[in-house]
Amino acid sequence: MNQPALLQDCRICPRECGVNRFQSVGFCGAKAELKINLAQLLFGEEPPISGTRGSGTIFFSHCNLLCVYCQNHLISLNGHGNTITEEELVAIMLELQRQGAHNINLVTPSHFSPQLAHAIRSAKHKALIIPIVWNSSAYEKTSTLQEMEGLVDIYLPDYKYYHKIYARKYSNAEDYPQVALAALREMHRQCGDLVVNSDGIASRGLMVRMLVLPHGLAGVKQSLHLLADEFGTRLALSLMGQYYPAGKANEYPELGRGILPEEYQEVLDTAIALGFEQVYIQQLSSDDHWTPRFIRGGDAANSNALQGENL
Ligand code: SF4
């Protein structure tokens with residue numbers, strides 16, 4: 001990947017802005033310099049990712065999808081964060097490894113793909129041995145993802161929309177459903193199904209996250225059918241119930257509430273009926289708020305996220 005050339009005429013994601021990021025910005029708002037908001041051990045990811053010692057999570061500023069309901073809109077839309085050099089990023093990765101992280105979890109990395117390919121190579125050269133997690137929206141070009149082959153160990157993408165009408169309305173990306181599906185195919189080709197070791201920690205593979213929106217707007221049930229057909233039921237899934245109106249969501253009346261327990265249960269029932277074997281789910285807490293705590297609900301003929309059973 002010729003990093004400067006790619007950034008001088010940036011077409012690294014499906015937006016294909018063609019801007020020179022050394023001088024201006026495109027849709028994502030990111031310049032050529034790496035910019036991060038936070039780097040720390042995180043314990044709220046899915047159990048195979050957070051494990052017992054935490055996931056070494058690095059949040060990148062800006063985003064190439066910019067959903068209107070983004071819960072991190074200060075980071076994604078407003079670009080809160082600090083620019084850092086590649087050397088500083090490598091040092092952060094190594095420090096997170098030293099602190100015991102199970103992996104390096106790159107959150108919203110897509111618009112920095114060329115810089116990150118270089119940084120990951122450099123970090124591995126300096127004895128980074130824990131897996132790299134690519135935690136993205138999946139609004140990514142196959143050709144860009146191909147450049148990450150051998151560098152990324154675990155892909156943790158979203159699959160956000162089944163219907164292009166809502167992809168356009170909420171993320172200004174009508175082509176999201178087919179672009180993201182092609183991205184998932186490439187991720188699966190590179191890393192296969194999720195591999196979890198005897199301690200329950202992921203070492204390689206693909207896990208797809210799906211955020212349930214109110215009124216079935218994300219089309220998660222339809223997406224589950226699609227993914228079962230495409231990848232089979234060994235595909236690891238994370239069904240996220242934590243939606244709440246954030247960012248500009250209140251400008252869209254239908255997005256103005258959290259999801260109902262029955263909406264989440266319908267999605268979970270669909271995943272179970274389709275036979276998915278490895279499903280991570282979230283629970284309603286006693287005060288009727290969705291907690292981002294994940295549990296494994298996979299072999300879950302009896303899974304019931306709503307009763308708070310410890311599966
Ligand atoms: S990474 Fe940013 S500037 Fe480059 S094509 Fe995508 S949205 Fe445009």
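We count ligands from 1, going down the list as the structure has it; atoms in each ligand are counted the same way. Please read all numbers here as calculations on a predicted model, not as lab measurements.
At least one donor-acceptor pair closer than 3.5 Å links the side chain of N37 to the backbone N or O of H80. Listed for the K141 side chain is no donor-acceptor partner under 3.5 Å among the backbone atoms of E16. For Q190 (side chain) and L145 (main-chain N/O), a donor-acceptor pair under 3.5 Å exists by modelled atom type.
With a cut-off of 2.8 Å, atom 2 (Fe) of ligand 1 has an N, O or S atom of C28 in range. Among the atoms of C17, an N, O or S atom is found under 2.8 Å from atom 8 (Fe) of ligand 1. Among the backbone and side-chain atoms of C10, an N, O or S atom lies under 2.8 Å from atom 4 (Fe) of ligand 1.
The aromatic rings of F112 and F60 lie tilted to each other, with the angle between the two planes from 30° to 60°. Between Y159 and Y176, the angle of the ring planes lies from 30° to 60°, which puts this pair in the tilted group.
Taking every heavy atom of E16 and a limit of under 4.0 angstrom, the matching atoms of ligand 1 come to 5 (S). Residue-ligand proximity, H111 to ligand 1, at heavy-atom distances under 4.0 Å covers atoms 1 (S).
Between R209 and E45, at least one side-chain N (NZ, or NE/NH1/NH2) sits under 4.0 Å from a carboxylate O, which counts as a salt bridge.
Of the listed residues (A30, C13, G18), the one carrying the non-hydrogen atom nearest atom 6 (Fe) of ligand 1 is C13.
With a heavy-atom cut-off of 4.0 Å, R21 touches ligand 1 through its side chain alone.
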